[in-house]
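Note: hydrogens, waters and symmetry copies are ignored here, and every other heavy atom, side chains too, is used. Order of the sequence lines fixes the chain letters, A, B, ..., with proteins taken first and strands second; residue numbering starts at 1 for each chain.
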Number of protein chains: 2
Amino acid sequence: MDQLDRKIIAELRQNGRATYAELGRLVGLSASSVHERVGKLEAAGVITGYHAVVDPRTVGLGVTALVGIQPTDTAADEDVAEALGSLEEVESCYAVAGDEAFVVKVRVPTVDELEHTLGRLRRIDGVARTQTTVVLSTRFEGRPNNTGLDRGTEAGDGGA
Amino acid sequence: MDQLDRKIIAELRQNGRATYAELGRLVGLSASSVHERVGKLEAAGVITGYHAVVDPRTVGLGVTALVGIQPTDTAADEDVAEALGSLEEVESCYAVAGDEAFVVKVRVPTVDELEHTLGRLRRIDGVARTQTTVVLSTRFEGRPNNTGLDRGTEAGDGGA
DNA sequence: GGTGAAAAAATTTAGAG
DNA sequence: CTCTAAATTTTTTCACC
């Protein structure tokens, strides 16, 4: 993974549909070289996928909540995690430090549906308690934060 | 937004680099029709972007934390939200119900850097307290959860 | 690693039902 | 809104450095 890879990745994070030709112009390589590099990055698990991002509201998912999952003393985290993953309304799942074992993000159409989902979460074997924080608004989400991905080429001074 | 749009969206959420030709085959339209539909979905703000997803660890972002932001009594939420957005390590920001005004997800290279970031968060004007939950592992994240996007086509009979 | 060329495929625009 | 057709661009392979 060199600077060129990093630049390619940075661009693909912003524009997942950038063409190899565009990327090549950006980094100064031929389209075929970029093609090969991207293939290797995918194979190496650096790039794990490409996704269109949809405004959840436009698609009938107006209600978001963050739910802390407190397991029973005897529960196996792996089993709980797997059960959480089996619920489609659970969009993300993090194992965390603190008195909750997991924090999950759920996305549902209505508060009614949220209630049902919380019921399902509580019925998971090994789940003792849930603690729910309702999201009132998503200010921003999944922003491509800088990681050194797009630094380095212009280390000396601010870009542009 | 009809069934065809929903099917196109569902596919693009899974594979953001699907070609219009592929999508056309999937839904039974020509590539140019799909092209036009997707353009309209983008213009309407339904599809907000396309992004490559990168394994954060491979890119020097090994530490994730969820941070609750408790504002001072007099703070204007908008100002706080804007300040949160100005920090690049803040990847997502949710306004929430409960005694915290916001929950943010931060991603940084090291725990050292997390300490610095928390300092920056606390120094934001209008921020009274932060409460940090360190993420031990991300089980899954940003999963395309089902929304009715890919339902419906097969309600009465097979879509194919 | 990289290139450039060539064939296949896809994108994109335009015109028309 | 959909299509087909045509021009452009990209993808993908391959021989070669």
Side-chain angles (χ1 to χ4, degrees), chain A residues 1-55 58-60 144 148-155, chain B residues 1-55 58-60 144 147-160:
Chain A
M1 258 246 298
D2 61 8
Q3 216 93 36
L4 266 42
D5 282 333
R6 276 184 264 275
K7 218 165 170 182
I8 291 169
I9 293 170
E11 182 61 23
L12 283 173
R13 289 225 293 177
Q14 274 205 323
N15 174 15
R17 283 181 83 86
T19 67
Y20 298 128
E22 279 170 352
L23 294 168
R25 285 189 286 269
L26 189 71
V27 300
L29 287 179
S30 65
S32 39
S33 289
V34 173
H35 182 232
E36 189 176 331
R37 277 172 178 260
V38 171
K40 284 181 181 173
L41 289 168
E42 289 167 356
V46 176
I47 297 175
T48 59
Y50 303 88
H51 303 285
V53 176
V54 171
D55 183 340
T58 66
V59 96
L149 276 181
D150 43 10
R151 279 196 292 265
T153 330
E154 48 206 5
Chain B
M1 258 247 298
D2 61 8
Q3 217 94 38
L4 266 40
D5 282 332
R6 276 183 265 274
K7 217 166 170 181
I8 291 169
I9 292 170
E11 182 61 22
L12 282 174
R13 289 223 294 177
Q14 274 206 323
N15 175 15
R17 282 181 84 85
T19 66
Y20 297 128
E22 279 169 351
L23 294 168
R25 285 189 286 270
L26 190 71
V27 300
L29 288 179
S30 66
S32 42
S33 288
V34 173
H35 182 232
E36 188 176 332
R37 277 173 177 261
V38 171
K40 284 180 181 173
L41 289 168
E42 290 168 355
V46 176
I47 296 175
T48 61
Y50 303 88
H51 304 285
V53 176
V54 171
D55 183 339
T58 66
V59 98
T147 69
L149 276 181
D150 44 9
R151 280 195 291 266
T153 328
E154 48 207 6
D157 64 52

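- Taking atom CD on B:Glu36 and atom P on C:dA10, their separation rounds to 20 Å, with Å as the unit.
- If you check every strand for non-hydrogen atoms under 4.0 Å, A:Thr19 touches sugar and phosphate atoms only.
- When rounded to the nearest whole Å, the span between CD of A:Glu22 and C1' of C:dA10 equals 14 Å.
- The nearest heavy atom of DNA chain D to B:Asp2 and to B:Arg17 marks one nucleotide each, and the one closer to the 5' end goes with B:Asp2.
- Nucleotide D:dC3 holds its P atom 9 Å from the CG atom of B:Leu4, rounded to whole Å.
- Distance from the side chain of B:Ser33 is smallest to D:dT2 among D:dT2, C:dA10, D:dT11.
- Both B:Val34 and A:Tyr20 sit near DNA chain D, but only B:Val34 has its closest nucleotide nearer the 5' end.
- Atom CZ of B:Arg37 and atom C1' of C:dT11 are 18 Å apart (whole Å).
- Evaluation of atom-type donor-acceptor distances gives a pair under 3.5 Å for the side chain of B:Ser32 against the base of D:dT4.
- One atom, CD of B:Glu42, and another, C1' of C:dT12, lie 14 Å apart when rounded to the nearest Å.
- Not one side-chain nitrogen or oxygen of A:His35 sits closer than 4.0 Å to the OP1 or OP2 atom of D:dT11.
- In this entry the distance linking CG of A:Leu26 with P of D:dT10 reads 14 Å, nearest Å.
- At whole-Å resolution of the value, CG in A:Leu23 and P in C:dG2 are 14 Å apart.
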